[in-house]
Amino acid sequence: MRPTDLIIDVIEGKIPERVPTFCADLDEWPVQQVLGKPLIPPKTIFLNPLSRFILDRWGKNLKKVIVDPFVCSGMMNHVKAAYMLGFDSTWVSFEWRIMMWDSKTIARVTGYVSDLIDDGHGNISWMYKTPLITSPAAFEEWPYFPDSDEVAHKCYDFFRKIISNYGDKICIMGNACIGLHDAVFQSIGFEKAVLYLRKDPDFIRRFIAFNEEYLIKTTIAMLDAGLDVILHADDFSQKTGPIMNPKMIDEFFGAAYTKLAKLVHDRGKKILLHSCGDNTRLFDLFIKWGFDGGHAFENTSNVDIAYEKKAHGDRFTIIGGVGIDYLLTSRSKN
């Protein structure tokens, strides 16, 4: 049985011979522990004085030439490492939003910046810093939104290559990195987003609709490329519960996600949702919208996984429940 067939059987509620395994992406260091370290560490490539000089002056112009190929190559390595580690499935993101803002920060073309950080192993990662689209005027004037059709074509090419190399070896769960809820709070800012939700909800709806176009087109591209399972990412909750009132979440995001789920199901495929935190008050919404299952059921949050299995397990496939914050860090040695 192909790994993808095993995953689909589980999503459909069939009892497998064994519990399938899922890799929720990998950081660079574990990838390198499997595949070997690069000759020149990424930190050395991007953070040396010459690179800093170039990035401070022309970083925003290097997205298509350097950044996109570097990110896509890295994700291909992540898939290879997950396969070599023996996972049945892996989460694969087509990350088209990254651009170098300067030598110390990256930006998402959807409207926010993150600090570059050292992971302690010669690699660079990033940590959210600040929003950049903090008003309706800033949204209208933002110059870095790419053409949605171009993004979709690149998404198709990206997944065709991955499926060609690994489609029969590991189930590829595709994601095109547009969380409509995430985009609102990260790009507009938590404080401003809450303000506009109350005082200018039409702006929030325009912002959601704009990003929904990327979401729909890239999802169609992933399906056209041959994916059988979509794993969309959008973080609705903190460890103690939803970021917004569930009624407002449904009001602002329900229609778009119902449309997305129907699109995938009309093609005979499956769609899952990743949402961090305690989603106890949201699982009924996720099911109503049409998602077949979800990740991550964090056991460090307040979610009761055993209860959710009883309450929703016949309608919603549960993925996760493993405390990787402890198991897969240096603390696990103690």
Side-chain angles (χ1 to χ4, degrees), residues 7 10-11 22-25 89-95 97 108 110 112 128 173-188 190 193-194 197 204 208 211-212 214-216 218-219 222 229-265 270-309 311-313 315-325:
I7 299 302
V10 172
I11 294 173
F22 167 67
C23 178
D25 202 358
S89 57
T90 186
W91 187 8
V92 182
S93 296
F94 172 61
E95 180 53 271
R97 299 176 299 160
R108 294 298 205 280
T110 43
Y112 65 92
Y128 177 81
M173 298 183 177
N175 174 48
C177 292
I178 283 290
L180 302 178
H181 179 271
D182 280 346
V184 167
F185 282 93
Q186 292 177 348
S187 300
I188 299 175
F190 284 79
V194 171
L197 279 164
I204 300 296
I208 292 171
N211 284 289
E212 181 186 348
Y214 290 106
L215 173 61
I216 295 299
T218 53
T219 300
M222 289 188 287
V229 182
I230 304 298
L231 176 51
H232 179 64
D234 205 351
D235 295 327
F236 287 99
S237 298
Q238 304 174 78
K239 290 186 181 294
T240 55
I243 294 173
M244 288 172 56
N245 184 299
K247 290 183 179 180
M248 291 187 69
I249 290 176
D250 193 27
E251 176 186 349
F252 282 91
F253 303 98
Y257 280 134
T258 301
K259 177 181 177 181
L260 176 69
K262 184 178 185 303
L263 166 67
V264 175
H265 290 151
K270 305 299 182 184
I271 183 165
L272 310 169
L273 176 67
H274 162 86
S275 179
C276 289
D278 179 3
N279 295 290
T280 301
R281 297 171 62 196
L282 301 179
F283 288 123
D284 286 322
L285 283 183
F286 298 162
I287 293 169
K288 184 183 81 167
W289 294 346
F291 287 98
D292 298 301
H295 176 265
F297 289 85
E298 294 180 53
N299 60 359
T300 55
S301 75
N302 290 334
V303 67
D304 185 334
I305 301 172
Y307 169 80
E308 294 304 332
K309 177 61 179 175
H312 300 115
R315 295 171 292 158
F316 196 73
T317 301
I318 293 175
I319 307 169
V322 178
I324 60 173
D325 290 347

* List for me each residue that meets ring pair (Phe, Tyr, Trp, His ring centres under 6.0 Å) alongside Phe185, sequence neighbours excluded, and say none if there are none. => His181, Phe190

* **Single hit among Asp25, Asp234, Asp235 for side-chain hydrogen bond (donor to acceptor under 3.5 Å, both in side chains) with His274** => Asp235

* To do: Hey, can you tell me if Phe253 and Phe236 have their rings parallel, tilted or perpendicular (30° and 60° cut-offs)?
  => perpendicular

* **For Ser187, side-chain contact (heavy atoms from CB on, under 4.5 Å) partners two or more places apart** => Thr110, Tyr112, Phe207

* Please identify each residue that fulfils ring pair (Phe, Tyr, Trp, His ring centres under 6.0 Å) with Phe291, with sequence neighbours left out. => Tyr257

* Please name all residues satisfying salt bridge (charged side-chain N to carboxylate O under 4.0 Å, His left out) with Asp250, sequence neighbours left out, ordered by chain then number. => Lys288

* Considering residues at least two apart in sequence or located in another chain, which fulfil the ring pair (Phe, Tyr, Trp, His ring centres under 6.0 Å) criterion with Phe252? -> none

* Listed by chain and number, what are the salt bridge (charged side-chain N to carboxylate O under 4.0 Å, His left out) partners of Lys309, not counting sequence neighbours? -> none

* Structure fact -> Residue set satisfying salt bridge (charged side-chain N to carboxylate O under 4.0 Å, His left out) with Glu308, at least two apart, ordered chain then number -> none

* Asked: Considering residues at least two apart in sequence or located in another chain, which fulfil the side chain to side chain donor-acceptor pair (under 3.5 Å) criterion with Asn175?
  -> Ser93

* Set of residues satisfying side chain to side chain donor-acceptor pair (under 3.5 Å) with respect to Thr317, sequence neighbours excluded -> none

* Structure fact -> The side chain to side chain donor-acceptor pair (under 3.5 Å) partners of Glu212 (sequence neighbours excluded) come to none

* Set of residues satisfying side chain to side chain donor-acceptor pair (under 3.5 Å) with respect to Asn245, sequence neighbours excluded -> none

* Structure fact -> Residues passing the side-chain contact (heavy atoms from CB on, under 4.5 Å) test with Ser89, sequence neighbours excluded, are Ile7, Phe22, Cys171, Met173

* Asked: Trp289 vs Phe286 aromatic rings, parallel, tilted or perpendicular, using cut-offs 30° and 60°?
  -> tilted

